[in-house]
Amino acid sequence: MASNIHRRDWLKQSTLAALGIGFSLRSLGGEDYLPRELGSETGLINLGSNENPYGLAPGAKKAISDLISSVHRYQYNIPALQTFRKELAEYYGVTVDHILVTPGSGEALNLMARAYSQGNLVTATPTFGILPNTAKKIGVAVKEIPLDNKKIHDLDALLKAIDANTSQVYICNPANPTGTIVQPAALKAFCEEASRRTMVSIDEAYIDFLDAPYNESMLSLVKSGNKNIVIIRTFSKIHAMAGMRVGFILAHPDTIKTLAANYFGNSNFCMSALSMTAAMASLKDQSHSVSSKQKNAAAREFTTKSLQELGYHCIPSYTNFLFFHLNNYQGDFAKDMLAKNVLLRSHDLPDGKWCRVSIGTMEEMKKFVEIMKGVPK
Ligand SMILES: Cc1ncc(COP(=O)(O)O)c(C=O)c1O
């Protein structure tokens, strides 16, 4: 009985969240929780948060177990962890002064919203919610520029929206929730122009799912000395560390210094020892990322093709999630799917109802497609 009530409350919360355009903090799981009885033992197919379904890299698991006997110490007293920022810096070809680590990139986005809150924020709609929602929460005006009809960032319109009072532009590329990308050359030209006028934050959470030539990071602009470009990265996606909370900012040392001023001592102080050791090991165990990426691409292709055969319009995805139009679906799709043990997100946009489904394992996506066959359109 008690668990039924829990489940109902949670259903209600997720449904409310799913109704929002874009992502609210609540829909991110910020205030949601997954009741134990809805765990995988009950057959729930969790396709709601764009996680890596293949789990941690073996090297990361080993690093955690190797460090477990040291975690009665603070992380700054564990010699093996002192190289975390250095290793990240070497991996990305920058200096340690270009990096600020954060407990998850959500914290980096929160930090950016607060650090650049003196004027308006320009961003797309729909987009990933943490930065714009935090900005709204603290009273910043947010100029939301609709994606184009292919659900791609409209860079010209975003550029036009920047005015004398703009303190920041936020671009999520690859884009969440649509899975689209902007071409690197066009994004670079946009960043160069926009950064002459304001701070530009590029959220590259899903960049590791891209193939060349699309996987070009805007980090090259930071390396060339541009102080108004900030790159936000996470270990939650390809590195399968969502529950371990590791993100980081790459930016000019002066910009990092300004952002770090909000931390007591050093932002490493907020990081878990186990998370840092796992992140370092995961960077060195690339074979797991490579195989996760390949399996994701195969499951994504299968899901896209299957949904198209069922008559759904899918936005071509470059990520580990897929955005498709729900035709004339009546009712609350996310809620109805949860009743069928599938957790995903649905959105009400001006052009109708859309679903964002994460790409799980091939087995999970086959089950999802079977369930979709019974869904009225
Ligand atoms: C685009 C994007 N940025 C940032 C995040 C936050 O990730 P985390 O806080 O786990 O690093 C997510 C999570 O889904 C995301 O989709």
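Both counts, for ligands and for their atoms, begin at 1 and track the order of listing.
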Measure the distances from the heavy atoms of [X] to every atom of ligand 1 and state whether one is below 4.0 angstrom.
X    : value
N50  : no
R245 : yes
I130 : no
A242 : no

Inset, instruction - Carefully, step by step, assess F128 and Y206 under the rule ring pair (Phe, Tyr, Trp, His ring centres under 6.0 Å). - result: CA-CA 12 Å; F128 185 66; Y206 299 98; 8.0 Å; no
Any nitrogen or oxygen of [X] lying under 3.5 Å from a nitrogen or oxygen in ligand 1? Just yes or no.
X    : answer
K237 : yes
S105 : yes
Y206 : yes

Subset of ligand 1 atoms that lie under 4.0 Å from at least one heavy atom of [X]:
X    : result
C172 : 1 (C)
A205 : 1 (C), 2 (C), 3 (N)
G104 : 9 (O), 11 (O)
T234 : 8 (P), 11 (O)
G106 : 6 (C), 8 (P), 9 (O), 11 (O)

Legend entry - Carboxylate-amine/guanidinium contact D154 K160, below 4.0 Å: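 Salt bridge absent between D154 and K160.
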Inset, instruction - Decide yes or no on salt bridge (charged side-chain N to carboxylate O under 4.0 Å, His left out) for D285 and K62, but give the supporting numbers first. - result: CA-CA 11 Å; D285 190 355; K62 181 173 181 312; over 6 Å; no
Inset, instruction - Pick whichever of F321, F128, F248 has a heavy atom sitting closest to atom 5 (C) of ligand 1. - result: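 Answer by nearest heavy atom: F128.
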Legend entry - Audit row: E370, K366, salt bridge (charged side-chain N to carboxylate O under 4.0 Å, His left out) steps and yes/no: CA-CA 6 Å; E370 278 313 303; K366 283 184 177 163; over 6 Å; no
Legend entry - In one Ile/Leu/Val/Met/Phe/Trp/Tyr side-chain cluster, 4.5 Å: I207, I171: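 In one cluster with I207: I171, no.
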Inset, instruction - Measure F235 to ligand 1 on non-hydrogen atoms and call it side chain, backbone, both or neither using the 4.0 Å cut-off. - result: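 Under 4.0 Å from ligand 1, F235 contributes no heavy atoms.
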Inset, instruction - Of the side chain and backbone of I232, name the one, both, or neither that has a heavy atom under 4.0 Å from an atom of ligand 1. - result: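 Neither part.
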Legend entry - The single option from T166, T134, V140 passing side chain to side chain contact (heavy atoms under 4.5 Å, CB included) against L121: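 The option that passes is V140.
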Inset, instruction - Find the distance between CG (L322) and CE (M365) and round it off to the nearest 0.5 Å. - result: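 Going from CG on L322 over to CE on M365, the span is 7.5 Å.
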Inset, instruction - Compute the ring centroids of Y92 and F248, then answer whether they are less than 6.0 Å apart. - result: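 Yes, they do, as the ring centres are separated by less than 6.0 Å.
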Legend entry - side chain to side chain donor-acceptor pair (under 3.5 Å), paired with K293, selected from N52, D211, D208, N320: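 Only one option passes, and that is D211.
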Inset, instruction - Answer yes or no: does atom CD of E301 have more than 12 heavy-atom neighbours from other residues, nucleotides or ligands under 6.0 Å? - result: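 No, the 6.0 Å shell around CD holds no more than 12 heavy atoms from other groups.
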